[in-house]
Amino acid sequence: QVQLVESGGDSVQAGGSLRLSCAASGYTHDKNSVAWFRQAPGKEREGVAVIKTGGGPTFVAGSLEGRFTISQDKAESTVNLQMDSLKPEDTAMYYCAASADWLPLKDLFRPSAYNSWGQGTQVTVSS
């Protein structure tokens, strides 16, 4: 059973930056899909970014490209989300999720494709 623990959420002003981390344990191999999703009050959960661990590619939701970057730190067993030029509309609970294998492109931003989830970390951006 994969366990995921998010950290790094905070309250910042618009234009600021945050780095979220997802610490993972329990993987049985090194080729997984690890994603960041977010959910604002009253809205559906949406995919933010995905990395295929073990040397695979990264994907960032189109509207967030250029501001958000996902990366893996193998030594620390973390997947990190660097968020720059934050906007008030980025305010949400951010969740880390993992699947047991590399997911096909069509499933990368589908929450139901992931079988392990963290508890979430809150990001609040004020104007």
Ring of Tyr95, cation from Arg38 - is the NZ or CZ under 6.0 Å from the centre and inside 45° of the axis?
no
Does Trp36 share a hydrophobic cluster with Tyr114, counting links as ILVMFWY side-chain heavy atoms below 4.5 Å and allowing steps through other members?
no
Side-chain heavy atoms under 4.5 angstrom apart, residues restricted to Ile, Leu, Val, Met, Phe, Trp, Tyr: same cluster for Val50 and Val60?
no
Got a sec: does the CD of Glu65 have more than 12 other heavy atoms crowding it under 6.0 Å?
yes
Can a donor-acceptor pair be found between the side chains of Gln82 and Asp84 at a distance below 3.5 Å?
yes
Backbone N/O of Ala75 and side chain of Asp73: donor-acceptor pair under 3.5 Å
yes
Please answer whether the main-chain N or O of Leu103 pairs with a side-chain N or O of Lys52 as donor and acceptor at a distance below 3.5 Å.
yes
Could you check whether any side-chain heavy atom of Glu89 comes within less than 4.5 Å of a side-chain heavy atom of Ser127, counting everything from C-beta outward?
no
Where is the tightest heavy-atom contact between Val34 and Cys96, given as atom of each residue plus distance?
CG1-SG, 3.8 Å
Which pair of heavy atoms, one from Phe109 and one from Gly47, lies closest together, and at what distance?
CD2-CA, 3.5 Å
Between Ser33 and Leu108 the two heavy atoms that sit nearest each other are OG-CD2, 4.3 Å
Given Leu105 and Phe59, is the side-chain contact (heavy atoms from CB on, under 4.5 Å) satisfied, shown in steps?
CA-CA 9 Å; Leu105 186 61; Phe59 305 85; 3.6 Å; yes
For the ring pair Phe37 and Trp117, is the centre-to-centre distance below 6.0 Å?
yes
Over all heavy atoms of both residues, which pair between Ala14 and Pro88 is shortest? Give the atoms and the distance, please.
CB-CD, 4.1 Å
State, with a plain yes or no, whether a side-chain heavy atom of Val79 is found less than 4.5 Å away from one of Ile70.
yes
Which pairs count as salt bridge (charged side-chain N to carboxylate O under 4.0 Å, His left out) when at least one residue sits in residues 114-127, sequence neighbours excluded?
none
Co-membership, hydrophobic cluster, residues Val12 and Phe68, 4.5 Å side-chain
yes
Distance in Å, Gln3 CD paired with Ser25 OG, rounded so as to fall on 0.5 Å steps
4.5 Å
Separation between OG1 (Thr53) and NZ (Lys31), nearest 0.5 Å, reads 8.0 Å
Check step by step if side-chain contact (heavy atoms from CB on, under 4.5 Å) holds for Trp102 and Asn32.
CA-CA 5 Å; Trp102 281 6; Asn32 306 272; 5.5 Å; no
Distance, nearest 0.5 Å, that separates CD of Gln119 from CG of Leu4:
10.0 Å
Let's go through Leu86 and Gln13 carefully: what are the C-alpha distance in whole Å and the side-chain angles of both, what is the deciding distance for side-chain contact (heavy atoms from CB on, under 4.5 Å) to 0.1 Å, and is it a yes or a no?
CA-CA 8 Å; Leu86 284 163; Gln13 296 221 324; over 6 Å; no
Non-neighbouring partners of Gln122 that pass side chain to side chain contact (heavy atoms under 4.5 Å, CB included), sequence neighbours left out
Thr91, Met93, Thr124
All heavy atoms of Ala92 vs all of Ala40, minimum pair found to be CB-N, 3.9 Å
Pick out which of Leu20, Leu64, Thr69 makes a side chain to side chain contact (heavy atoms under 4.5 Å, CB included) with Leu81.
Leu20
For the residue pair Val2 and Ser116, what are the closest heavy atoms and their distance?
CB-OG, 3.6 Å
Return the SG to CD1 distance between Cys22 and Ile51, rounded to the nearest 0.5 Å.
11.0 Å
With Ser21, the side-chain hydrogen bond (donor to acceptor under 3.5 Å, both in side chains) member among Thr121, Asn80, Thr78:
Asn80
What residues form a side-chain hydrogen bond (donor to acceptor under 3.5 Å, both in side chains) with Asp107, not counting sequence neighbours?
Arg110
Are any non-hydrogen side-chain atoms of Val123 and Asp10 less than 4.5 angstrom apart?
no
